[in-house]
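Just so it is clear, the model here is predicted, and its values are computed rather than measured.
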Amino acid sequence: MSGTYVTHLECSITGKRYEAGMVHGLSEAGRPLLVRYDLERLAAAVSKDDIAASDAPGFWRYAPFLPVEKPENRISLGEVVTPLIPLDRSAAALGARPGKAIVKDEGRLPTGSFKARGLCLAVSMAREFGLDHLAIPTNGNAGAAMAAYARRAGIRATVLCPADTPDINIREIQLQGAAVWKVNGLINDCGKIVGDGKGPVGWFDISTLKEPYRIEGKKTMGLELAEQMGWALPDVIFYPTGGGTGLIGMWKAFAELKEMGWISGKMPRMVAVQAEGCAPIVKAWEAGDEHAPLWENAHTVAAGIRVPIAVGDFLIIRAVRESNGFAMAVSDDAIIEARDMIAREDGLLLCPEGAATAVAYRQALADGLVSPDETAVLYNCATGLKYPMPPVSAALDKNSAIDFSVFG
Ligand SMILES: *Cc1c(COP(=O)(O)O)cnc(C)c1O
């Protein structure tokens, strides 16, 4: 008997079934595969109390909802349940009521971003299948998470990133044991090389949504949020959307929990937030399209959401539509201004992608898309420490008389 509740995999566009227990990439239709579970059997075997009693690290408490069969293949670098932090003084500046705007701070995970969730699962499954070489295109955080978990699993890792990826990410990837290459292009250019290398090199392509398990890891964001809120959900979720794994994964989590009867009532509205310099999903959403063509000349300070084309575009747009949500683009200037304001007012340093959700939330309140009485969760997807910050000029000379009036 299988140690998981997985029944099969399913093409997200045609519904065609694929067998579990085998290595899979995209479906024959070239679209993501989704893992399906026997939710009835899962609901009969596992209770909310069992989850509450789990002493597994972080998201591994949701192991019954995940596809890893053998416990020894669950790789861990000390995952944590990430905190929900209500905005305090900065809430007023956003036009929010006290306690209604809550940051889910994913920067506390191993390698400092929520990419740890998806890559931990993908690498655990790679170990289960005995894969020996993984390759990934990245804007920084996914590569760092893959490098770390692959090293932990003893699997070879190759990472390709745009040449202008922040140096701190590139160095982190290298130090964590992966071979990292800078490419004079964007993440989709890196992705093409990874895809083309499958034959000649024999590596396994672990790109966003091009294998089925990163989404299962990101699904734990939804499970964790539900459990933290007492198996209830907020009114609206703002998610900084690149490839969209997290938004799709959370929506999948909510659907599974609902089918199991663990949550009921209204589902949260899902809001896909992008940067004005790279907003393919917002553009498609506004045009009423299901697919989002390549965005030319993509640029934004929020590197994690600089994704000009997404293989799961239609899954993002469907989740937004089914949830009654919306998609919104925000400017880089507003992102940096909000990042600085929230750090200054609340002592909470968001990454630019996380700050983008605060900008979208403020705009949504102003436009009446979200009411101030509603609870909004803003995803801060990475630690703010990996990004450039304003310089400091104040200095003291220890050899001359200190003018203490400067501290007044
Ligand atoms: C990857 C990433 C995103 C986008 O996440 P997806 O689930 O791929 O859309 C947002 N912010 C940061 C910091 C990231 O690393």
Query raised in the report: Stepwise, does the side-chain contact (heavy atoms from CB on, under 4.5 Å) test hold for Asn141 with Thr111?
Result: CA-CA 8 Å; Asn141 288 323; Thr111 69; over 6 Å; no

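- Taking NZ of Lys192 as the start and CD1 of Ile187 as the end, the distance is 15.5 Å to the nearest 0.5 Å.
- Side-chain contact of Asp205 with Ser207: a donor-acceptor pair under 3.5 Å is present, judged by distance alone.
- No donor-acceptor pair under 3.5 Å is formed between the side chain of Thr241 and the backbone N or O of Gly244.
- Proximity of a side-chain donor or acceptor of Thr375 to a complementary backbone N or O of Asp235 within less than 3.5 Å is not detected.
- Checked by atom type and distance alone, the side chain of Asp346 never pairs as donor or acceptor with a backbone atom of Leu348 at under 3.5 Å.
- When every heavy atom of Asp332 is checked against every heavy atom of Ala275, the shortest pair comes out as OD1-CB, 4.1 Å.
- A salt bridge links Glu28 with Lys16: the closest approach of a Lys/Arg side-chain nitrogen to an acidic carboxylate oxygen falls below 4.0 angstrom.
- Of the possible donor and acceptor atoms, one in the side chain of Glu353 sits under 3.5 Å from a partner among the backbone N and O of Ala303.
- For Glu10 and Arg17, the salt-bridge test fails: no basic side-chain N is under 4.0 Å from an acidic carboxylate O.
- Between Cys120 and Phe59, some side-chain heavy-atom pair lies under the 4.5 Å cut-off.
- Contact annotation: the side chain of Asn169 approaches that of Lys386 to within less than 4.5 Å [non-hydrogen atoms, C-beta and beyond].
- Within a 6.0 Å radius of CD in Gln174, other residues, nucleotides and ligands contribute 12 heavy atoms or fewer.
- Panel note: side chain Ser124, backbone Arg74; no donor-acceptor pair is recorded below 3.5 Å.
- Residues Asp313 and Trp285 form no side-chain contact, since every pair of their non-hydrogen atoms from C-beta on lies 4.5 Å or further apart.
- Other residues, nucleotides and ligands place more than 12 heavy atoms under 6.0 Å from the CD atom of Glu322.
- Here the CG atom belonging to Asp55 is positioned 14.5 Å from the CH2 atom belonging to Trp60, to the nearest 0.5 angstrom.
- Here the rule is side chain to side chain contact (heavy atoms under 4.5 Å, CB included) with Leu134, and of Glu211, Met146, Arg156 only Met146 fits it.
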Query raised in the report: Run the ring pair (Phe, Tyr, Trp, His ring centres under 6.0 Å) check on Tyr239 and Trp251 step by step: do they pass?
Result: CA-CA 11 Å; Tyr239 187 79; Trp251 194 239; over 10 Å; no

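- The closest side-chain heavy-atom distance from Val236 to Val377 is not below 4.5 Å.
- Closest approach of Gln176 and Ala148 over heavy atoms only: NE2-CB, 3.6 Å.
- Heavy-atom neighbours of Lys198 NZ from other residues, nucleotides or ligands within 6.0 Å: at or below the threshold of 12.
- Without hydrogens or angle criteria, Arg214 side chain to Ile206 main chain gives a donor-acceptor distance under 3.5 Å.
- Relative ring orientation between Tyr18 and His24 is described as perpendicular, the plane-to-plane angle rising above 60° on a 0-90° scale split at 30° and 60°.
- No hydrogens or angles considered: nothing links the side chains of Thr165 and Lys182 as a donor-acceptor pair under 3.5 Å.
- Within the model, atoms CD1 of Ile170 and CG of Leu175 stand 13.5 Å from one another, a figure rounded to the nearest 0.5 Å.
- Within the 4.5 Å cutoff, no side-chain heavy atoms of Ser113 are placed close to those of Cys381.
- Of the possible donor and acceptor atoms, none in the side chain of Thr14 sits under 3.5 Å from a partner among the backbone N and O of Cys11.
- For the pair Lys218 and Phe114, the cation sits on the ring face: its NZ or CZ lies under 6.0 Å from the ring centre, inside 45° of the axis.
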Requested in this report: List the steps and the verdict of salt bridge (Lys or Arg N to Asp or Glu O under 4.0 Å) for Arg127 and Asp132.
Outcome: CA-CA 8 Å; Arg127 181 151 83 174; Asp132 60 6; over 6 Å; no

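- Tyr37 and Glu216 form a side-chain donor-acceptor contact under 3.5 Å, judged by distance and modelled atom types alone.
- By the 4.0 Å N-to-carboxylate-O rule, Glu79 lies too far from Arg108 to be salt-bridged with it.
- Side-chain atoms of Ser323 come within 3.5 Å of backbone N or O of Met270 as a donor-acceptor pair.
- Taken from CD in Glu374 to OH in Tyr361, the straight-line distance is 9.0 Å, to the nearest 0.5 Å.
- Atoms CG and CD1, on Leu160 and Ile136 in that order, are 10.5 Å from each other to the nearest 0.5 Å.
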Query raised in the report: Passes side-chain contact (heavy atoms from CB on, under 4.5 Å), Leu39 versus Phe65? Steps please.
Result: CA-CA 9 Å; Leu39 295 173; Phe65 289 81; 5.5 Å; no

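- Asp367 and Gln363 share a side-chain donor-acceptor pair at under 3.5 Å.
- Within the 4.5 Å cutoff, no side-chain heavy atoms of Met125 are placed close to those of Leu131.
- Scanning both residues, Gly354 and Asn380, for their nearest heavy atoms gives CA-OD1, 3.5 Å.
- Both tests do not hold together for Lys252 against Phe254: distance to the six-membered ring centre under 6.0 Å, angle to the ring axis within 45°.
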Query raised in the report: Where do Val194 and Trp203 land on the side-chain contact (heavy atoms from CB on, under 4.5 Å) test, with the steps shown first?
Result: CA-CA 8 Å; Val194 168; Trp203 60 37; 4.0 Å; yes

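- Judged by distance alone, with hydrogens and angles left aside, the side-chain atoms of Tyr149 form no donor-acceptor pair with the main-chain N or O of Ile75 at under 3.5 Å.
- Of the charged side-chain nitrogens involved, none lies within less than 4.0 Å of a carboxylate oxygen, so that Asp340 and Arg344 do not count as a salt-bridged pair.
- For the pair Arg306 and Asn139, the tightest heavy-atom approach, listed with the atom from each and the gap, is O-ND2, 3.0 Å.
- Contact detail for Leu9 and Glu19: the closest heavy-atom pair is CD1-O, 3.8 Å.
- The pair Lys115-Glu106 fails the salt-bridge criterion, with no side-chain N (NZ, NE, NH1 or NH2) lying under 4.0 Å from an Asp/Glu carboxylate O.
- No side-chain heavy atom of Ile309 sits less than 4.5 Å from a side-chain heavy atom of Pro280.
- The pair Glu290-Arg318 meets the salt-bridge criterion, with a side-chain N (NZ, NE, NH1 or NH2) lying under 4.0 Å from an Asp/Glu carboxylate O.
- Put simply, the side chain of Ser12 never gets that close to the backbone of Leu34: no donor and acceptor are under 3.5 Å apart.
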**Report entry** side-chain contact (heavy atoms from CB on, under 4.5 Å) between Leu396 and Phe407, worked out
**Finding:** CA-CA 11 Å; Leu396 297 171; Phe407 301 110; 3.8 Å; yes

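- Side chains of Leu87 and Leu378 form a contact here, defined as non-hydrogen atoms less than 4.5 Å apart.
- In the displayed structure, Asp397 atom CG is contacted under 6.0 Å by more than 12 heavy atoms of other residues, nucleotides or ligands.
- Taking a cutoff of 4.0 Å between a charged side-chain nitrogen and a carboxylate oxygen, Glu224 and Arg61 do not qualify as a salt bridge.
- Across all non-hydrogen atoms, the minimal contact from Gly242 to Gln274 is O-NE2, 4.3 Å.
- From Asn184, atom CG reaches atom SG of Cys190 across 9.0 Å, with rounding to the nearest 0.5 Å.
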